[in-house]
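Right, one structure below, let's go through it.
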Amino acid sequence: MPEILEVECYRRTAERTLGRPVAAIQADDEWFLKGGLVRAELDAALVGRSFVGARRRGKLLLLDVDDGAVLGLRFGMTGRLLVDDAAGIDRLEYSSDRDDPAWDRFGLGFVDGGSLVLRDPRRLGGVELDPDEEALGPDAWTVGAAALGHVLAGSTAPLKARLMDQNRLAGMGNLLTDETLWRAGLAPVRPAGSLDATELRRLHRNLRRVLDDLHVRGGSHTGDLQASRRRGGLCPRDGEPLVRESVGGRTTYWCPVHQR
DNA sequence: ATTGTGGCCTGCCCGC
DNA sequence: TGCGGGCAGGCCACAA
């Protein structure tokens with residue numbers, strides 16, 4: 001699914017649209033328009049204009065319009081971004097291997113004949129105009145150790161739930177969080193505020209490494225834990241059966257031996 | 001305020 | 001062979 005790594009890939013793909021005037025909007029799926037947005041507003045905001053910046057905060061892709069407006073794109077679990085009919089990601093875990101234009105939920109046509117399309121089989125993504133960027137926490141890829149400590153401090157919520165709370169820390173999805181905690185040797189069910197200074201440093205170091213490593217490898221599904229994230233899976237580090245349980249409302253796999 | 005739960009959406013996969 | 005239930009999880013509304 002698109003987590004922070006995939007959305008960063010989409011952001012780079014979206015840079016190919018910069019400076020190209022928009023000719024038309026395809027927004028027939030009103031479910032996909034969020035925050036009370038209607039098609040006419042998109043027409044008024046985008047047609048004849050062009051994008052001057054492609055930014056990302058967590059899993060939210062932000063396209064800056066040349067008049068200061070901002071188009072926000074969310075990809076849910078199965079959304080992909082196609083620019084000029086070329087996909088930014090070849091394949092998504094948990095998404096279909098098929099590739100059906102019927103799943104195009106939103107699109108822009110450019111004056112030059114090219115296009116930007118958000119293709120999302122499960123319709124969990126969405127489009128928003130001028131999204132509240134500041135409602136999101138700091139970006140997980142660049143967050144510092146001190147800021148990460150602030151995210152966790154004083155919380156009794158499970159560590160995993162806190163790390164995935166986009167309003168506290170933006171970008172972590174289920175797979176990346178399991179991989180990070182597995183590498184850091186921290187139990188996902190620990191109260192978030194219970195980490196000591198050593199554990200916090202370990203978490204921060206591993207968070208950064210997981211994002212760097214898996215980005216190079218090609219996505220959120222390329223972690224060392226991934227192959228064992230199944231019923232009956234064994235810990236790749238010490239061979240123990242992994243615990244499968246719901247933490248923070250998400251299916252979680254973790255090793256009860258080395259994750260403490 | 002914080003934390004937890006359920007539902008939304010749809011395609012796929014397994015077992016019958 | 002077809003069918004139905006379970007599952008995937010990002011996000012949001014709502015409850016406690």
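Just so we're on the same page: letters track the sequence lines, and every chain starts at 1. Side chains included, hydrogens not; waters and symmetry mates left out as well; all remaining heavy atoms used.
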Picking from A:Leu63, A:Asp64, A:Val65, A:Leu129, what satisfies side chain to side chain contact (heavy atoms under 4.5 Å, CB included) with A:Val70? A:Asp64

Using a 4.0 Å heavy-atom cut-off, does A:Arg168 contact any base of the nucleic acid, only the sugar-phosphate backbone, or nothing at all? sugar-phosphate

Tell me, please, which residues at least two apart from A:Asp238 pass salt bridge (Lys or Arg N to Asp or Glu O under 4.0 Å). none

Sequence neighbours left out, what passes salt bridge (Lys or Arg N to Asp or Glu O under 4.0 Å) with A:Arg209? Give chain and number order. none

Using OP1 and OP2 only, check whether a side-chain N or O of A:Ser155 sits under 4.0 Å from B:dT2. no

Phosphate contact (B:dT10 OP1 or OP2) by A:Arg123 side-chain N/O below 4.0 Å: yes

Correct closest heavy-atom pair for A:Thr13 and A:Val83 would be CG2-CG2, 3.6 Å

Axis deviation across the helix from B:dT2-C:dA16 to B:dC16-C:dG2, five-pair ends, to the nearest 10°: 40°

Lys NZ or Arg CZ of A:Arg105 over A:Phe32 ring: under 6.0 Å, within 45°: no

Atom pairs under 3.5 Å: protein N/O with N/O of nucleotides 5-7 of chain C:
unit_1 : atom_1 : unit_2   : atom_2 : d
C:dC7  : OP1    : A:Arg231 : NH2    : 3.3

Got a salt bridge between A:Arg49 and A:Asp67, using NZ or NE/NH1/NH2 to carboxylate O under 4.0 Å? yes

List every contact pair, protein side and nucleotides 11-16 of chain C side both N or O, where the distance is under 3.5 Å.
unit_1 : atom_1 : unit_2   : atom_2 : d
C:dC11 : N4     : A:Arg250 : NH2    : 2.3

Sub-4.0 Å heavy-atom contacts from residues 130-137 of chain A onto DNA chain C, ordered by number: none

